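To start, the structure under review is shown below, and the notes come after it.
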Amino acid sequence: MSNKSYAFRDSQKFNQYLIRNRTFDKCCGFIKELVKQSTSILDIGCWPGSVTVGFADANPSATVIGVDFNESQLEVARSYTQHPNRENLSFEQGSIHELPFEDNSFDLIFCQTVFVHISDHEKALSEIMRVLKPNGIFASREVMNSYIVMTPVSDILEKARRAIHIGVTVSGGAPDVGLFMGEKLHTAGFDHLNQSLFWERSPVGEESREHFINMCSALLYGELGKQSIKNGWITANEINELEKLCFKLPDIPYAMWGMPFVETIARKH
Ligand SMILES: C[S@@+](CC[C@H](N)C(=O)[O-])C[C@H]1O[C@@H](n2cnc3c(N)ncnc32)[C@H](O)[C@@H]1O
């Protein structure tokens with residue numbers, strides 16, 4: 001299990017960045033109508049709560065629950081979303097491998113960039129299947145680290161991408177899981193499968209500086225950096241170069257970073 005890998009991402013700044021960028025409007029275009037039609041919605045791996053609160057606001061008559069493995073991540077979600085109080089929204093601690101809910105509880109389950117960090121996908125999907133109501137929908141957004149595009153093309157950025165890929169893999173995750181979600185859902189017995197591809201690109205202007213730093217923060221300032229140097233995935237000098245480049249990129253008018261997300265919708269029959 002890879003929850004230890006979240007230590008590097010608990011800074012206030014990173015939370016604020018995610019809250020601004022991981023929103024219902026930015027991430028959930030593919031399920032907007034489904035959210036409006038649902039009476040019970042679960043967001044798994046919900047930190048920082050910015051998507052979960054979007055569900056509660058988009059459909060005030062639905063019961064919306066955010067669940068996350070990590071209690072400290074839930075504190076971020078609670079403190080950010082409970083002002084003003086929303087009666088239809090709550091957060092609970094729990095694992096995707098053992099969801100703390102009765103069978104047949106939800107019309108819609110959403111899960112974004114969680115399968116990338118876990119290894120037992122089969123168990124997770126059987127839990128999701130169990131707590132979905134018959135005909136309920138599972139919607140996921142997962143990344144494909146191997147297909148990130150970065151311009152200007154740079155050896156340092158490519159090395160950083162590869163070090164992150166290896167780091168996620170050795171900590172038990174699946175950095176390209178977006179590519180396999182459809183197959184996994186089909187194998188788990190879901191039907192009415194629909195997949196689409198969404199490119200999340202770096203913002204423009206001053207926000208992009210924070211973006212580039214945040215995308216590399218695990219390497220620049222976290223345990224992953226130390227682990228990568230120790231294992232020879234990247235050198236300390238290259239990490240210094242990477243930091244300089246991240247600060248410089250926003251001044252390059254054509255700099256761009258694009259992350260492909262696979263958006264999958266599937267039904268429990
Ligand atoms: C990369 S973050 C994604 C957060 C949010 N869904 C988003 O897209 O912005 C992954 C989240 O999954 C949570 N997580 C990791 N393993 C989990 C597990 N086994 N069960 C539930 N949540 C888990 C982490 O605590 C973290 O909050």
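Residues: numbered from 1 along the sequence shown. Hydrogens, waters and symmetry mates are skipped; everything else that's a heavy atom, side chains included, is used. No experiment lies behind these values; they were computed from the predicted model shown. Numbering of ligands and ligand atoms starts at 1, following listing order.
For the pair G94 and ligand 1, a heavy-atom separation below 4.0 Å is found.
In Q73, the part holding a heavy atom less than 4.0 Å from any atom of ligand 1 is the side chain.
A cation-pi contact links R141 to F261, judged by a cut-off of 6.0 Å to the six-membered ring centre and 45° from its axis.
Set against the non-hydrogen atoms of V114, the atoms of ligand 1 under 4.0 Å away are 12 (O). Annotation for ligand 1: atoms under 4.0 Å from non-hydrogen atoms of Q112 are 3 (C), 5 (C), 6 (N), 7 (C), 8 (O), 9 (O).
Salt-bridge formation is detected for the pair R20/E210: a Lys NZ or Arg NE/NH1/NH2 atom is positioned less than 4.0 Å from an Asp or Glu carboxylate oxygen.
Note: F55 and F24 have perpendicular aromatic rings, judged against thresholds of 30 and 60 degrees for the angle between ring planes. Ring planes of H211 and W257: perpendicular class, angle over 60° (limits at 30 and 60°).
Partner of D107 under the salt bridge (charged side-chain N to carboxylate O under 4.0 Å, His left out) criterion, out of K268, K36, K133: K133 alone.
In this structure a side-chain-to-backbone donor-acceptor pair under 3.5 Å is present from H269 to G189. Panel note: side chain N231, backbone W233; no donor-acceptor pair is recorded below 3.5 Å.
Checked against a 3.5 angstrom limit, the closest N/O atoms of N70 and ligand 1 fall outside it. In terms of N/O distances under 3.5 Å, ligand 1 is not approached by D43. Checked by distance only, ligand 1 and V67 stay at 3.5 Å or farther apart across all their nitrogen or oxygen atoms. Distances between N or O atoms of L18 and those of ligand 1 include no value under 3.5 Å. Where the criterion is an N or O separation shorter than 3.5 Å, residue side chain and backbone included, D68 meets it with respect to ligand 1. Of the N or O atoms in I118, none lie within a sub-3.5 Å distance of an N or O in ligand 1.
Aromatic ring centres of F101 and F106 lie closer together than 6.0 Å.
The heavy atom nearest to atom 1 (C) of ligand 1, considering only I96, V143, I44, T113, is found in T113.
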